[in-house]
Structures are given as structure tokens and as C-alpha cells.
Protein chains: 2
Amino acid sequence: MTDSGASRRERKERTRQAILDAALGIADEQSLAALSLRQVTREVGIVPTAFYRHFASIDELGLALVDQSFASLREMLRDVRRSSSELTGVIKGSVDVLVQHVHERREHFRFVARERVSGPPAVRQAIRHELELVERELATDLARLPHADRWSSDDLRIMANLIVTLMVSTAEAIVAAPPERPDVEREVVRTAVAQLRMVVVGALQWESR
Amino acid sequence: MTDSGASRRERKERTRQAILDAALGIADEQSLAALSLRQVTREVGIVPTAFYRHFASIDELGLALVDQSFASLREMLRDVRRSSSELTGVIKGSVDVLVQHVHERREHFRFVARERVSGPPAVRQAIRHELELVERELATDLARLPHADRWSSDDLRIMANLIVTLMVSTAEAIVAAPPERPDVEREVVRTAVAQLRMVVVGALQWESR
DNA sequence: CCTTTCAGTGAACGACTGTGCACTCAAAAC
DNA sequence: GTTTTGAGTGCACAGTCGTTCACTGAAAGG
């Protein structure tokens, strides 16, 4: 590796990030489980054994990718909240933000969608945990809405779970759509918006029992 | 292979099924992508090259597993329709049938849930296609409901998609729950039933625009 | 300036992979 | 009874894999 960068720490951090990027790219075309250490190091341009200078195992690499992906996802949530405080339709606005972020960080969303159900147990669990956090945050957001007094905390949990499920599956659909078929994607968005509206209508009519 | 069975065709069919069973079991603990021909044949008790007498490639094996898994899924749908014609609550009844079938064919549902997002492209596409068929069938079922005249065919599609998404994610949750934690599973069921009710309430209030 | 630290090297290991090819030998076909 | 068919065998091949170990050489620390 000829890396004419500056300090040693910087250079290490740079190769570490290069490993993460390469792993994300390779996993994107297969899966984290079918990802070999040698493949990654080959792409980065270092010798296989050098991998261990950065990660103790591939599982650890996977967890680092989860962290990085959820950083993207949290950026998205921040933007969703920002867009919701403006006056444009909350639902359409949120879906649009979702779409935009999925495009910008396509590989991260694909990674989460895939490894959520198929990854190594440790990775699966980490993702599940992160999604639960998101769900809880959404529940407290919902509790601050007008008319929220008609919902029990159980109702809130259930609604949040439903909405997260819908968003996850919408993200999956966007990510699965051929990149240069904006019509398919528009259809996905239209569907998602209608479904969220339906859910909201149902929630407003809801009588806890 | 000492297989004292009868005719040659029968014996071939039996090893074919043994290969499928072994593959399903192994994939269950990892994924279809990380499934080796040798691993499968070792478990079946035949020599690696004998695999090719039954499948031209692992991809083809995968597609056969999709077929088999969706046979289970269609059995479930048949039962759901049967239970719906009885008077007990349609929603609770359907979810109960789902739970029952997921237990009986756990590996098939896990397979679909996993490979739907992570499998080889051909497998992913096959699963997507099958789910679309299910969605269309559900849409025509919904069209036969009382009050169905308030829904456009587009609304029906959107509702069917929403319900299928919810069912898939419920199946995922059941399958992911520790097998001997009936409390977790009961919670999943309770959540799913409430969510479906919410969706139905929303749909009944729905005004197509 | 001398010493320590440590990211990256390079060879070697044993294990596993998919696939080609010539084979056996019992069931099926004639 | 003879021939054909084809599921399963056994060997061999060239790859890939993760991990070990002793190593180099430049940056960091004293």
C-alpha cells in the first residue's frame, strides 16, 4: 500500500474506512455471509493478514457496517422531523425524505434490508435493536400529536411498529426497483403515501379496547 | 447410497427430495448463498458429482425450494379462506391460521423471508413474483367484500399490498421469535391483529381521491 | 539519535470449494 | 437374453478460504 497520507493514525483510519467501503460494495452484490476477508483486502489493496490490524473478525466488520448504516438512517430521521415541522403534508414529506436518503445512501439501506433477516446472528440482533429504538422514538413523537390522548401507550407502540414496518418495506421496494426506472419508483411512493394515509385514518378512528 | 426402494424413478425422486430437505435445513442456519454443493451431498450421503443428476446448478435447487415453500404458503392461504367463511372473527382467524402454518412449516417460511431479500437474483425474483400473485388474489377477494364499491381497483391493489406486507412481516417476527417463548409470540399476534384492525378501520373510512 | 510501536508484508498450512472425466452395475427396454 | 440407460462412484484438478508466524520499515516517543 502506497498511501502518502499524513500521520499514522490518519492513514490507519483511512484504510479502515477503505475496508468498510469495499465490504459494503461487495456485500451489496451478494451478502455479508458470503463475504470473504481475502476478497475485501484484495479490493483495498492490502495483504489478507493486514485485515486483522483493523478488525478481530468479519463479524466485527459487520457490526461496524451496522453502525455506519444506522448513522445514515438517523440522519434521515432527523430530516424527517425537520420536514414535519414545516407545513407541507407530513406524510408525503416524510416519504419524500425517505426516498431522497435511500438514493443518497443506497448501499446502507440495502445493507440493513438484507442483513436484517439474513445476516449473522450478531448483526441481525444489532439491527433489530436499532429498529426498536427508532420505533420507540416514533412512539413518543406520536404521543405529542394532537388527539394523542385517545391512544394508550400500547396503541402507540402498535402504531409505531406498523409505521416502521411500512417504511422498511417501502425502503426495500425503492432499493429493489431498477435504478433508472423512475416510473416504478413513483408508483412505490404513491402506494406508500396512500397506505400511510389509510393507517392514519384508521388510527384517528381508533377506539382502544 | 444403499436405498432399497423400488423402481428407479422412485429412488431418484427420493434422493431429489432428500437433497431439497438437506439444503433447506442447511440454508436455515446460514443462507442459500452460503450453501455448498458438497455440504448438501455429504448430508444426503451421496458423492458430490451425483448432485448434477438432479440439478444443473445450485440456482436451480434454489428455485425448486421456492416452489416447495410456496406450496406450503398456498396451503395456508387455502386455510385462511376456509376459516374466513366461518363466523369467527376474520382477522383473528387469519392470523391464527398464519401462526399455525408457520409452526408446521417453519423452515419454508424462514426460507422465503430470508431469500426474498438476500437470495440469488433468480430466487429473489421468483419469490417477488409469487408474492405478487398472492397480492392479486387478495385484491380480488377484497373486491367481493360488502362495501367494496367504495374502493377503486387502485385502492384494492394498495390495500392488498399493505395487508400482504403486514402478513409477511408478522411471519418474519414469528419465525424470529425464540421457539420456546410463547409469550413473545402471543405479543406478536396481538400486535398483528390490532394492526390489521387499524388498517381495516382506515380502509372502511377510505375516500378514494 | 536511539528505541519502541505497529500497519502492512509474504510464505506457508490444512481445509474446503465446484467441476470434469472415466467408471460401475442394476434397473429398464427391447 | 442382450443391450441400453443413467444414478451413483472415485479420482483428480485448480481455486479459494481463514489463520499462523516471523518479518520489514517508517512514524512516534523518549
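Residue numbers begin at 1 in each chain, while the letters A, B, ... track the order of the sequences.
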In whole angstroms, the gap separating P of C/dT17 from CD of B/E43 amounts to 13 Å
Of the candidates C/dC16, D/dC17, D/dT5, the side chain of B/R8 sits closest to D/dT5
Regarding the side chain of A/A50, the nearest nucleotide among C/dT9, D/dC17, C/dC6 is C/dT9
5'-most contact on DNA chain D (nearest-nucleotide basis), B/H54 vs A/A56, goes to B/H54
Whole-Å distance, A/E10 CD to C/dG8 P, equals 14 Å
Regarding the side chain of A/I58, the nearest nucleotide among C/dG18, D/dG18, C/dT9 is D/dG18
Exercise for review: Using distance alone, with no hydrogens and no angle criterion, decide if A/E104 and A/Q100 have a side-chain donor and acceptor under 3.5 Å apart.
Suggested key: yes
The residue, B/Q39 or B/R9, whose nearest nucleotide of DNA chain C is more 5′ is B/Q39
Next on the checklist: Within the 4.0 Å heavy-atom criterion, would you say A/R16 contacts the bases, only the backbone, or no part of the nucleic acid?
Outcome noted: nothing
Of A/L37, A/T41, A/L24, A/V44, the one forming a side chain to side chain contact (heavy atoms under 4.5 Å, CB included) with A/I19 is A/V44
To the nearest angstrom, the NZ-P distance between B/K12 and D/dG6 comes to 8 Å
Check: Regarding A/H54 and A/Q17, is there a side-chain donor-to-acceptor distance under 3.5 Å anywhere?
Finding: no
From the candidates C/dG8, C/dG18, D/dG18, the one with an atom nearest any side-chain atom of B/S36 is C/dG18
Subject >> Any A/R14 side-chain N or O less than 4.0 Å from OP1/OP2 of C/dG8 >> reply: no
**Message:** Please determine whether any donor N or O and acceptor N or O are separated by less than 3.5 Å between the side chain of A/T49 and the base of C/dG10.
**Reply:** yes
Practice problem: Classify the side chain of B/R53 versus the base of D/dG8 as yes if they form a donor-acceptor pair under 3.5 Å and no if they do not. | Solution: yes
- Salt-bridge present (B/R74, B/E130; N to O < 4.0 Å): yes
From CZ of A/R42 across to C1' of C/dG10 the rounded distance in Å is 16 Å
Practice item. Please determine, by modelled atom types, if B/R157 and A/T191 share a side-chain donor-acceptor pair under 3.5 angstrom. Key: yes
Assert: residue with more 5' nearest nucleotide on DNA chain C, out of A/V47 and B/L35, is A/V47
